[in-house]
Amino acid sequence: MKISTLTIAAVSATALTGPAFADKLDDIIASGTLRCAVVLDFPPMGSRDENNEPQGFDVDYCNDLAAALGVEAEVVETTFPERIPALVSGQVDVAVASTSDTLERAKTVGFTIPYYAFENAVVANEGVEMSSWEDLQGKTVGATAGTYEAIWLEGKIDEWGEGEFRPYQNQADVFLALSQGQLDATVSTVEVAEANVASGNYDGIKIVDKAPMVPDYVGLITLRGEYGLIDYMNLFINQQVRTGRYAELYEKWVGEGEPADLTIQGVYR
């Protein structure tokens, strides 16, 4: 099959002079709205106030990103398992939802650099004798399906060869099951553990110990091919840190002390 020089030239000219196609960043700015998936049963990152309005670190982060883009923020409540489906189906533009930057997830969605980092704690029912994280061995434990904590707990159950892991749809169900004695223990972020113990919503639970887990670095996510939007959000995260806004949000929602260092020696600087 032959292709004439004229045809090739025409195709080349079209490729060079053809119209540029808008990407998600352009679409968001043109629409005037940024739709953020946020998990609202994950205080202090996301919850609802006494008027049932969204609040929390992730909610404010979504609002800040929208303001930087010059658009309105729309918070779309999702559960942890729904974050990626909401993106892929076009229900939201980004997820500001404490999403661990796993290699498996990166096959499906695009991650930014970390905007937050969590350490994890072991939380137990007060009726269960536990004094350290190693006492998880042989216990009935649970966590929200597919999360960093769930993956770690399932791995420990397999390693120890005893105990039971139970997955749940959301964080509230995990802590309710723990409070009711259906679970012996769970692992959650230190922030969530402290917030749920202090809330009084879950009677009979206690923080036992820190879990020996690698810090859970979380990123903003969007569709994998939206490089322009990912680049923009990377710069936004950088500016949140260097302007002091990251520390301000930490103090507002988490409390005193220093927010986690988002750098990793030899990787993020």
Side-chain angles (χ1 to χ4, degrees), residues 22-49 53-80 82-102 105-106 108-118 148 189 191-192 216-254 259-263 268-269:
D23 61 9
K24 178 63 74 174
L25 180 59
D26 294 326
D27 292 342
I28 292 167
I29 294 170
S31 73
T33 303
L34 173 70
R35 300 169 301 164
C36 300
V38 182
V39 177
L40 295 180
D41 72 336
F42 193 58
M45 308 307 285
S47 62
R48 290 187 178 275
D49 65 16
E53 294 297 320
Q55 65 173 4
F57 186 102
D58 284 347
V59 174
D60 280 358
Y61 217 84
C62 169
N63 290 332
D64 286 355
L65 178 57
L69 288 164
V71 300
E72 294 293 318
E74 178 184 341
V75 171
V76 179
E77 181 174 7
T78 60
T79 63
F80 282 117
E82 291 171 346
R83 292 170 295 184
I84 291 176
L87 273 175
V88 173
S89 64
Q91 297 175 56
V92 298
D93 303 308
V94 302
V96 187
S98 302
T99 308
S100 305
D101 55 358
T102 69
R105 286 178 178 149
T108 305
V109 295
F111 277 90
T112 63
I113 58 177
Y115 77 98
Y116 199 88
F118 295 100
Y148 182 63
T189 69
E191 292 86 344
V192 168
D216 183 10
Y217 293 92
V218 298
L220 308 181
I221 58 173
T222 188
L223 294 177
R224 191 177 62 184
E226 295 297 342
Y227 305 114
L229 179 55
I230 293 170
D231 285 346
Y232 185 90
M233 292 194 295
N234 282 336
L235 180 59
F236 170 76
I237 293 167
N238 184 303
Q239 295 209 10
Q240 288 285 89
V241 174
R242 72 193 199 209
T243 61
R245 178 60 171 166
Y246 172 54
E248 181 182 322
L249 290 179
Y250 182 89
E251 182 178 357
K252 176 181 178 181
W253 293 110
V254 181
D261 187 353
L262 300 180
T263 63
Y268 296 118
R269 301 191 177 206

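- Pairs engaging residues 30-39 under the salt bridge (charged side-chain N to carboxylate O under 4.0 Å, His left out) rule: Arg35-Asp93 [sequence neighbours left out].
- A side-chain hydrogen bond (donor to acceptor under 3.5 Å, both in side chains) check over residues 68-77, counting only residues at least two apart or in different chains, returns the pairs Arg48-Glu77.
- In this structure, Phe111 has no ring-ring contact (aromatic ring centres under 6.0 Å, His included) partners at least two apart in sequence or on a different chain.
- Tyr148 places no side-chain N or O within 3.5 Å of a backbone atom of Asp101 that could act as its donor or acceptor partner.
- In this structure, Ala97 and Val38 approach most closely via the heavy-atom pair CB-CA, 4.4 Å.
- For Val109 against Thr222, the heavy-atom pair with the smallest separation is CB-O, 3.4 Å.
- Taken to the nearest 0.5 Å, the CZ atom of Arg83 stands 4.0 Å off from the OG1 atom of Thr99.
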Under 3.5 Å, which donor-acceptor pairs link side chains of residues 39-46 to any protein atom two or more places apart or in another chain?
unit_1	atom_1	unit_2	atom_2	d
Asp41	OD2	Gln171	N	2.9
Asp41	OD2	Ala172	N	3.0

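- Side-chain contact check for Asp64 versus Arg245: some heavy-atom pair is nearer than 4.5 Å.
- The neighbour count for Glu251 CD, taken as heavy atoms of other residues, nucleotides or ligands under 6.0 Å away, does not exceed 12.
- Between Leu69 and Tyr232, the shortest heavy-atom contact is CD2-CE2, 3.4 Å.
- Atoms CG and CG, from Asp58 and Leu249 in turn, are 10.0 Å apart once rounded to the nearest 0.5 Å.
- Under the side chain to side chain donor-acceptor pair (under 3.5 Å) criterion, Tyr61 pairs with no residue at all, not counting sequence neighbours.
- Counting only residues at least two apart or in different chains, salt bridge (charged side-chain N to carboxylate O under 4.0 Å, His left out) contacts with residues 220-242 are absent.
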